[in-house]
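Throughout, protein chains are lettered first and strands after them, A, B, ... in sequence-line order, and every chain is numbered starting at 1.
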Amino acid sequence: MMIAPMNVSIFQGSRCRINTLAHLWSGNLHSWTRRYSTTSKLHDSKIPGIDGGNTKKWTRRPITTKTEGSIETPQRSKPSSIRHEVLDETVSASSTLNIGKTEITQFQKLQYCDVQRESYEKLASLLTIIVFDIETTGFSRESERIIEIALQVLRGGKNSTFQTLVNPNKSVENERIHGIKTNMVNRPDVPRMKDLIPILLQYVSSHQIPGGKVLLVAHNARTFDVPFLISEFSRSSIEIPSDWLFVDTLPLARELVKMEGSTLLKAKLEHLIDHYEIIREGDAHRAMSDVKGLALIFQRLTFDLKLSVLDILEKSFSASDLINQKKKKSSG
DNA sequence: GGCCCTCTTTAGGGCCTT
């Protein structure tokens with residue numbers, strides 16, 4: 001963990017800057033720590049899975065989810081009972097919040113940072129970061145539909161990943177992109193979006209820290225994933241919770257492309273995966289494969305760009321931000 | 001469709017998502 005003073009912030013005047021978000025999660029850390037042990041903090045992490053430690057345990061099981069009375073949002077829905085897949089990934093989070101004694105001592109010497117550190121730690125401790133991705137039948141959020149969605153909670157722990165196919169109630173014409181065929185999703189046992197939304201809300205809520213916010217991360221989130229979610233939620237007459245914030249990794253990748261000395265030429269997800277030498281788990285353009293890749297990319301990007309949690313929050317936006325932005329443009 | 005860049009801003013084209 002690197003700590004250095006910083007002078008500018010829209011949140012508060014001066015503050016401490018913590019140049020990595022890695023301490024907020026553990027689920028993926030081991031995957032790139034092996035390749036990118038460039039910091040002593042990461043090098044010293046005792047993470048299950050490294051060097052013959054515990055390995056990730058994956059089990060696939062059908063579940064029945066009941067949402068009645070369990071969603072803390074105003075948009076309560078009828079109880080639903082849908083079979084879908086949850087991939088259990090058991091990953092210890094114990095290493096991520098540990099700070100070495102030396103680091104604490106050095107930190108404590110920065111007297112002027114104490115108040116800011118307290119605020120930072122409070123903010124960080126209340127934040128749940130979730131990487132997500134959707135596959136769709138095309139680019140238009142008006143005429144096309146979501147056919148797959150995947151999420152990964154970066155903090156790790158039980159049920160840290162979620163994925164499901166979605167019944168679009170229309171044919172899939174772009175199978176060549178993701179390999180998802182019409183007969184894979186147009187089935188009665190595949191949930192439609194209106195059935196899935198209450199489950200999604202419950203899943204996110206179950207990982208949300210009381211009083212905290214959720215930070216949902218996606219590549220090209222601002223102009224693709226989030227507008228698609230807004231449209232799908234709207235069709236189901238459900239609002240996206242106001243405590244969901246979104247971060248788009250595309251502008252972050254573009255910052256890295258522009259950075260002096262950077263070898264990243266394009267901001268596409270595939271270029272980022274190549275750039276960081278990430279080994280894919282599964283096929284490209286399948287939601288969970290892209291989520292797992294992006295989870296690693298997000299960690300590397302925030303490290304390379306020296307972004308703290310506050311920096312990321314400054315770049316975040318809400319669903320209502322996009323809706324209001326669109327209304328302004330329409331009226332203007 | 002929004003963002004970004006430039007041979008620009010009274011515009012146009014490329015990128016990025018499926």
C1'-based separation of B:dC7 from B:dG1 [nearest Å]
25 Å

Contact class for A:Leu250 (heavy atom, under 4.0 Å): base, sugar-phosphate, or nothing?
sugar-phosphate

Protein-nucleotide distance (A:Glu232, atom CD; B:dT17, atom P), rounded to Å:
20 Å

Would you call A:Arg286 and A:Asp133 a salt bridge, taking side-chain N to carboxylate O under 4.0 Å as the test?
no

Atom-to-atom span, CG of A:Leu265 to P of B:dC16 - whole angstrom:
11 Å

From NZ of A:Lys268 over to C1' of B:dT17, roughly how many Å is that when rounded to an integer?
10 Å

Between A:Glu270 and A:Arg280, does any NZ, NE, NH1 or NH2 come within less than 4.0 Å of an OD or OE carboxylate oxygen?
yes

For residues A:Asp243 and A:Gln208, is any side-chain donor paired with an opposing acceptor at under 3.5 Å?
yes

Go through the steps for A:Thr128 and A:Arg155 under the test side-chain hydrogen bond (donor to acceptor under 3.5 Å, both in side chains), then give the verdict.
CA-CA 7 Å; A:Thr128 300; A:Arg155 192 186 302 119; 2.7 Å; yes

Okay, side chain of A:His219, backbone of A:Ala267: is any donor-acceptor separation there less than 3.5 Å?
yes

What integer distance in Å separates A:Asp290:CG from B:dC16:P?
15 Å

Work out how far the P atom of B:dC16 is from that of B:dT10, and round it to whole angstrom.
27 Å

Counting the atoms with a prime plus P, OP1 and OP2 as sugar-phosphate, which does A:Ile147 contact under 4.0 Å by heavy atoms, base, sugar-phosphate, or nothing?
nothing

By nearest-heavy-atom nucleotide on DNA chain B, the more 5' of A:Leu269 and A:Arg141 is A:Arg141

Would you mind reporting whether A:Leu264 and A:Met259 have side-chain heavy atoms less than 4.5 Å apart?
no

Nearest-Å distance for atom pair CG/P, residues A:Asn174 and B:dT18:
10 Å

Could you state the NZ-C1' distance from A:Lys181 to B:dT18, rounded to the nearest angstrom?
18 Å

Close N or O pairs between protein and nucleotides 5-7 of chain B (under 3.5 Å):
{"unit_1": "B:dC5", "atom_1": "OP1", "unit_2": "A:Lys258", "atom_2": "NZ", "d": "2.8"}

Taken to the nearest whole Å, CD/A:Glu173 to P/B:dT18 is 18 Å

Measuring only the P atom in each nucleotide, how far is B:dG2 from B:dT8? A whole number of Å is fine.
24 Å

Name the nucleic acid region contacted by A:Asp248, choosing base, sugar-phosphate or nothing; use a 4.0 angstrom heavy-atom cut-off, strictly under.
nothing

Interface with DNA chain B, restricted to residues 217-230 of chain A and to heavy atoms under 4.0 Å:
A:His219, A:Asn220, A:Arg222, A:Thr223, A:Phe224

Heavy-atom donor-acceptor pair, A:His207 side chain to A:Val214 backbone, under 3.5 Å
no

When the P atoms of B:dG13 and B:dT18 are compared, how many Å lie between them, rounded to an integer?
25 Å

Between B:dT17 and B:dG12, how many Å separate the two P atoms, rounded to a whole number?
26 Å

Which listed nucleotide (B:dT18, B:dG1, B:dC15) is nearest to the side chain of A:His178?
B:dT18

How many Å lie between CD1 on A:Ile134 and C1' on B:dT17, as a whole number?
8 Å

Given side chains that start at C-beta, do those of A:Glu148 and A:His178 come closer than 4.5 Å, heavy atoms only?
no

Looking only at heavy atoms, the pair that brings A:Ile180 and A:Val172 closest together is O-CG1, 3.3 Å

Which Ile, Leu, Val, Met, Phe, Trp or Tyr residues join A:Leu126 in one cluster when any pair of side-chain heavy atoms under 4.5 Å counts as a link?
A:Ile209

